[in-house]
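Throughout, residue positions are numbered sequentially from 1 according to the sequence presented. None of these values were measured; they are calculated from a predicted model.
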Amino acid sequence: MQATTNDTNRMDEMYRYQRYFYDVTRKAYLLGRDHMISSLNTPEDGSVLEVGCGTARNLIHTAQTFPTAKCFGFDLSEQMLITARNNVEKKSLSDRVIIAQADATKFDPVETFGQNGFDRVFVAYSLCIIPDWELALDRSFRAVKPGGSLHLVDFGEQERLPRLFRSTLRAWLRQFGVFPQKDMEAELRQRLDNEYSELEFASLYRGYAYHAIITRSM
């Protein structure tokens, strides 16, 4: 399902130039991404989806970590996807990493990729920049196959960081449209039911970030 023109234009303007140095500048503070990828434990010949794939940095790392996996990713910004496709091609992964444009709040796996779902779905530091992040989270839940899992890593509430550092960090993040969600563990537990029955939640780096794994029953 396609995003609205205004939403796409907003994201394209944000990343029109940032995409050239995005990965270099984000490496220092988007913490926990590689740890999350290593925890995917993708099954043999399994499928992996990244919601908000940006430059495809995480997808490429996933494809290299799990060499039999088929990887899919989408992003709202066509500007970011230009970089993503180039990066995938440079790594000779175009046959295993499929990229598309879609809106995380309206995403349909069949419409976008011709897939009923994915063994692993992950969202890395994307929910915090989506205004309707609850809708994006719900869509991510729906994209998980029975027996699969949803993996999240994102900014936490930073409650155990020094107060001055915390306030400075939050003010700086707001300049980039980043707004960490409050009490994400409780938010995720509210979504558990007979179908999504298991949650592992870890606070990282004194609350700087969190890592969550939600498992869907068979």
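A parallel orientation is assigned to the rings of F74 and F107, their planes being inclined by less than 30° (bins at 30° and 60°).
Not counting sequence neighbours, T65 has no partner by the side-chain hydrogen bond (donor to acceptor under 3.5 Å, both in side chains) test. Residues satisfying the ring pair (Phe, Tyr, Trp, His ring centres under 6.0 Å) test with H61, not counting sequence neighbours, are none. For E198, there are no side-chain hydrogen bond (donor to acceptor under 3.5 Å, both in side chains) partners two or more places apart in sequence or in a different chain. Not a single ring pair (Phe, Tyr, Trp, His ring centres under 6.0 Å) links F66 to another residue, sequence neighbours left out. Listed by chain and number, the residues in a side-chain hydrogen bond (donor to acceptor under 3.5 Å, both in side chains) with N41 amount to none (sequence neighbours excluded). Looking at residues two or more places apart in sequence or on another chain, you find no ring pair (Phe, Tyr, Trp, His ring centres under 6.0 Å) involving F122. Not a single ring pair (Phe, Tyr, Trp, His ring centres under 6.0 Å) links Y205 to another residue, sequence neighbours left out. Contacts of T105 classified as side-chain hydrogen bond (donor to acceptor under 3.5 Å, both in side chains), with partners at least two apart in sequence or in another chain: D103.
Closest heavy-atom contact between I99 and C53: CD1-SG, 4.2 Å. Across every non-hydrogen atom of S140 and V51, the tightest pair is OG-CG2, 3.7 Å. Listed here is the closest heavy atom pair of L173 and P180: CD1-CG, 4.4 Å. Scanning all heavy atoms of the two residues, the minimum distance from S47 to F118 falls at OG-CA, 3.3 Å. Contact record, V123 with M36: O-SD, 4.4 Å, taken as the closest heavy-atom pair. Heavy-atom minimum distance, A56 versus V88: CB-CG2, 3.9 Å.
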Run the side-chain contact (heavy atoms from CB on, under 4.5 Å) check on Y208 and L31 step by step: do they pass? CA-CA 9 Å; Y208 179 92; L31 307 177; 3.8 Å; yes

Assess the residue pair M80 and T55 against the criterion (side-chain contact (heavy atoms from CB on, under 4.5 Å)); give the C-alpha distance rounded to whole Å, side-chain angles, the decisive distance to 0.1 Å, and a yes or no. CA-CA 6 Å; M80 287 294 255; T55 64; 3.9 Å; yes

Can you list the steps and then say if E78 with R85 is a salt bridge (charged side-chain N to carboxylate O under 4.0 Å, His left out)? CA-CA 10 Å; E78 183 59 39; R85 295 186 184 104; 2.7 Å; yes

Walk me through it: do S39 and I213 pass the test side-chain contact (heavy atoms from CB on, under 4.5 Å)? CA-CA 9 Å; S39 75; I213 304 174; 4.1 Å; yes

Between I37 and N58, is the side-chain contact (heavy atoms from CB on, under 4.5 Å) condition met? List the steps. CA-CA 8 Å; I37 290 170; N58 298 328; 4.0 Å; yes

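In this structure, D95 places its CG atom where more than 12 heavy-atom neighbours from other residues, nucleotides or ligands lie under 6.0 Å away.
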Could you go through residues 142-157 and list every donor-acceptor pair under 3.5 Å that involves a side-chain atom there, pairing it with any protein atom two or more places apart or in another chain?
residue	atom	partner	partner atom	Å
S149	OG	R120	NE	3.4
S149	OG	H151	NE2	2.8
D154	OD2	L127	N	3.4
D154	OD2	C128	N	3.3
E157	OE2	D183	N	2.7

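Cluster membership for Y125 and W172, using ILVMFWY side-chain heavy atoms within less than 4.5 angstrom, is shared.
One distance of note links CD of E185 with CZ of F201; it measures 5.0 Å at 0.5 Å rounding. Of the inter-residue distances, the one linking L137 atom CG with Q181 atom CD reads 8.5 Å to the nearest 0.5 angstrom. Rounded to the nearest 0.5 angstrom, L93 CG and I60 CD1 are separated by 6.5 Å.
In this structure, D34 pairs ionically with R57, as a charged nitrogen and a carboxylate oxygen lie closer than 4.0 Å. Classification of D108 and R139 as a salt-bridged pair fails, no side-chain N sitting under 4.0 Å from a carboxylate O. One finds no salt bridge joining E134 and R191 here, because no Lys/Arg side-chain nitrogen approaches an Asp/Glu carboxylate oxygen to under 4.0 Å.
Applying the ring-ring contact (aromatic ring centres under 6.0 Å, His included) test to every pair with at least one member in residues 130-150, sequence neighbours left out, gives these pairs: F141-Y196. Residue pairs meeting the side-chain hydrogen bond (donor to acceptor under 3.5 Å, both in side chains) criterion with at least one partner in residues 158-169, sequence neighbours excluded, are Q158-R170, R160-S203. Residue pairs satisfying the salt bridge (Lys or Arg N to Asp or Glu O under 4.0 Å) criterion with at least one member in residues 206-218, sequence neighbours excluded, are listed as follows: E195-R216.
Contact check for L40 versus T62: side-chain heavy atoms found under the 4.5 Å cut-off. Taking 4.5 Å as the limit, every side-chain heavy atom of P109 sits out of range of all side-chain heavy atoms of L49. Between F72 and Q115, the closest side-chain pair of non-hydrogen atoms falls below 4.5 Å. Annotation: side chain of I214 is in contact with side chain of L192 (closest heavy-atom distance under 4.5 Å). Counting only heavy atoms from C-beta outward, the side chains of I130 and L135 never approach each other to under 4.5 Å.
Between the side chain of S38 and the backbone N or O of H35 there is at least one donor-acceptor pair closer than 3.5 Å. At least one donor-acceptor pair under 3.5 Å links the side chain of R96 to the backbone N or O of A69. Between the side chain of D75 and the backbone N or O of L81 there is no donor-acceptor pair closer than 3.5 Å. A donor-acceptor contact shorter than 3.5 Å links the side chain of Q101 to the backbone of L76.
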